[in-house]
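Structure, as structure tokens:
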There are 2 protein chains.
Amino acid sequence: MEERTTIKALAKASGVSVGTVSRALNGYTDVRPETRERIMRLARELDYTPAAAARSLVTQRSHIIGVFMETGEGHPDLQHPFFHEVLGGLKQQVGSGGFDLLLFASERPGNGYGPHSYLKRARHHSVDGCALIGLEPDDPEVRRLARADIPLVAIDMDLDGPAVEVVMSDNEGGAAQAVGHLHALGHRRIATITGMLDSRPGADRLRGYRAAVQAAGLAYRDDYVVYGDFYAESGREACERLLALAEPPTAIFAASDLMAIGAIRAAAEVGLRVPEDLSIIGFDDIQLSPHVNPPLTTMRQDKLGLGGAAGEALIARVAGDADRSPLRTLPVELIVRGSTAPPA
Amino acid sequence: MEERTTIKALAKASGVSVGTVSRALNGYTDVRPETRERIMRLARELDYTPAAAARSLVTQRSHIIGVFMETGEGHPDLQHPFFHEVLGGLKQQVGSGGFDLLLFASERPGNGYGPHSYLKRARHHSVDGCALIGLEPDDPEVRRLARADIPLVAIDMDLDGPAVEVVMSDNEGGAAQAVGHLHALGHRRIATITGMLDSRPGADRLRGYRAAVQAAGLAYRDDYVVYGDFYAESGREACERLLALAEPPTAIFAASDLMAIGAIRAAAEVGLRVPEDLSIIGFDDIQLSPHVNPPLTTMRQDKLGLGGAAGEALIARVAGDADRSPLRTLPVELIVRGSTAPPA
DNA sequence: TTGTATGCGTTATCAT
DNA sequence: ATGATAACGCATACAA
């Protein structure tokens, strides 16, 4: 039973008061150098570690960023690889700023009474700010959280509130660029497999597709727009439908890499070769994309950058910087690999 | 500036003392029913949320499980998809037990003095327990943490200490089963691409391979054992080397799906078809495995189950249950898909 | 330069 | 059944 060293014990050992110890440790100037040194030395020897709880109680700062992370219906959370990479960037950024991440898991905070509530969970742990990943912006509880005065950053979702900032990729521009790539290769029959359209990225990528198709002077065909849900299986089904068309497309823009990979498989199953018979471009550039067969051409999202931007925004707002643009859009990049080629 | 409702404000509103409020909320029996109801109602109206910091200060329980998660050298953390799925299972399990997860990000906890230290970070936040994912068991700081009396669960790594429990898959048995599957299909020239051998799973899977090869009466050939690091690129390179052999294998057991996928690609690049010309089996069953081309035959690890078992262990030990087996091994399952077939 | 005292929001131990 | 009151570990305003 090793007792935790408290500031009181450290004070006794140093022969000074707890107040002095606190000031010495926190870098106040009005402490005699030799006193400080003695205290610091003893702190090291006794392996003193301040209690975050006690400190946050008095300073009203927890140095903790909360994370609400879920993905849609039917998909247990933490599933989409995209979110994890974003989380990695967030972790790195807030870590360098001296913050840790609290991944909310329990739905019954505190005394366990009352309904499920994001705001309550955030308040309970006195987080200094929160990152919102994969939440439903229309959820009343999300809106309630957004109305509070706690710094918030929403990733890939629309949200507004007194202290919320939104971070997302240039989904519309990226989608247009993807279609442009296909068009430049010579494709004229270009279809798309959409993501969930009630999500901002899903809607934006479809919008980008539309804009690019029209800009290219191609006819916009309803049957070239098939709905998916960002996951692989939906990409496969959508591609099957597309290939069954009387006049099937020669190229497909899938709104996610996962769906693109599903589409490649669907093509293989009917004996079509990618990219010789069918070009497929994805969106995300997940880690596996360079390694699938064929290597996937895709629009790369700067996932670490997204998380980093979120962390940066949070840190700035926690520090009191309130005049910040409520929206930060990160550029995407065309990565040409082996799944696209000129039409046969 | 909405003021946070404190227990004091709630007491004043209810016309009772804070002590009574606390007892009412915490379900003590010695509170008059009508008093309790009034308090509960007001708590709801004022949207009262207890402060975790204050509570943990007095109860010595934070209801927080810390998570140290990193992956090896050169690979920025949070990269391997396997770990994320484990994290998902952990999150779910501890959440249902009323705990939240603290993802350690900052390397300078507290006053920022002193060296990097896992133990210090854990103590600083008074976590009730910790999950260790992807750490180096030989790291002196890890050992120091393990010696402490705080409940620990190590995932996929060897570690011992007064309160540490280890959770991992049956890597050795699974590897043997994978090789057995290949052998049963008729393969006799079976090679392996290993993971990092300084990791417990990497070493165990190689051991399982060896055991199965010998059990099958096949000759153990050094040139059929190529070293990888679990990631895709290493699988690709290893497979290239294998295929360049004078007598190349007809089947490969890759110690991870990522490497198996890299291997498939290497085969494709030299014009070999999988599984017709070369069978490949992986290990993990990551989310993409069913969707790659061809769908990957693999040994499925119960990733959610791993995380869940870790969470369960942590919760039990935090509750004081100390007589628990220090090791929990979860079974793996052969998933036959399209990347293995009888030799030509 | 240092010590003392107060308070942060709770729970827990006494009384009553 | 309820109310004071003392912790919990720390930071800080005020004295000295």
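So that the names make sense, note that chain A is the first sequence line, chain B the second, and so on, each numbered from 1. Worth knowing before you read on, the calculation uses all heavy atoms, side chains too, and leaves out hydrogens, waters and symmetry mates.
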Grab the N/O contacts between the protein and nucleotides 1-6 of chain C below 3.5 Å, and write none if there aren't any.
from: C:dT1; atom 1: O3'; to: A:R32; atom 2: NE; distance (Å): 3.4
from: C:dT2; atom 1: OP1; to: A:R32; atom 2: NE; distance (Å): 3.3
from: C:dT2; atom 1: OP1; to: A:R32; atom 2: NH2; distance (Å): 2.9
from: C:dT2; atom 1: OP1; to: A:T35; atom 2: OG1; distance (Å): 2.5
from: C:dT2; atom 1: OP2; to: A:R32; atom 2: N; distance (Å): 2.8
from: C:dT2; atom 1: OP2; to: A:T35; atom 2: OG1; distance (Å): 3.3
from: C:dG3; atom 1: OP2; to: A:S17; atom 2: N; distance (Å): 2.9
from: C:dG3; atom 1: OP2; to: A:S17; atom 2: OG; distance (Å): 3.2
from: C:dG3; atom 1: OP2; to: A:T20; atom 2: OG1; distance (Å): 2.6
from: C:dG3; atom 1: N7; to: A:R23; atom 2: NH2; distance (Å): 2.9
from: C:dG3; atom 1: O6; to: A:R23; atom 2: NH1; distance (Å): 2.6

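- Atom-to-atom, CZ of B:R123 to P of D:dG9 comes out at 13 Å; the value is rounded to the nearest Å.
- Straight-line distance from the CD atom of B:E34 to the C1' atom of D:dT2: 13 Å, rounded to whole Å.
- Contacts of A:D138 classified as side-chain hydrogen bond (donor to acceptor under 3.5 Å, both in side chains), with partners at least two apart in sequence or in another chain: none.
- Here A:D158 pairs with A:R200 under the salt bridge (Lys or Arg N to Asp or Glu O under 4.0 Å) rule; sequence neighbours left out.
- Computed from coordinates, the B:H63 NE2 to C:dT11 C1' distance equals 12 Å when rounded to whole Å.
- The phosphate of C:dT11 (OP1 or OP2) has a side-chain N or O of B:S22 nearer than 4.0 angstrom.
- Using a 4.0 Å cut-off between charged nitrogen and carboxylate oxygen, A:R123 and B:D47 count as a salt-bridge pair.
- For the pair B:L25 CG and C:dA12 P, the computed distance is 13 Å after rounding to whole Å.
- Distance A:I7 CD1 to D:dC10 C1': 6 Å, rounded to the nearest Å.
- Partners of A:T329 under the side-chain hydrogen bond (donor to acceptor under 3.5 Å, both in side chains) rule, at least two apart in sequence or in another chain, do not exist in this structure.
- With sequence neighbours excluded, the residues forming a ring pair (Phe, Tyr, Trp, His ring centres under 6.0 Å) with B:F68 are B:F104, B:Y118, listed by chain and number.
- Between B:N26 atom CG and C:dT11 atom P the separation is 5 Å, expressed in whole Å.
- For the pair B:R61 CZ and D:dC8 P, the computed distance is 17 Å after rounding to whole Å.
- One finds a side-chain N or O of B:K8 lying less than 4.0 angstrom from the OP1 or OP2 phosphate oxygen of C:dC8.
- Remark: A:Y28 is in phosphate contact with D:dT12, judged by side-chain N or O atoms under 4.0 Å from OP1 or OP2.
- Annotation: side-chain hydrogen bond (donor to acceptor under 3.5 Å, both in side chains) contacts of A:T35 (sequence neighbours excluded): none.
- Taking atom CD of residue B:Q60 and atom C1' of nucleotide D:dC10, one finds them 14 Å apart after rounding to whole Å.
- Remark: A:E37 does not engage A:R41 in a salt bridge, criterion side-chain N to carboxylate O under 4.0 Å.
- Under the rule for a side-chain hydrogen bond (donor to acceptor under 3.5 Å, both in side chains), the partners of A:R317 that lie at least two apart in sequence or sit in another chain are A:E165.
- By the side chain to side chain contact (heavy atoms under 4.5 Å, CB included) test, B:I315 pairs with B:F99, sequence neighbours left out.
- For the helix from C:dT1-D:dA16 to C:dT16-D:dA1, the end axes, each set by the C1' atoms of five terminal pairs, are bent relative to each other by 50° (nearest 10°).
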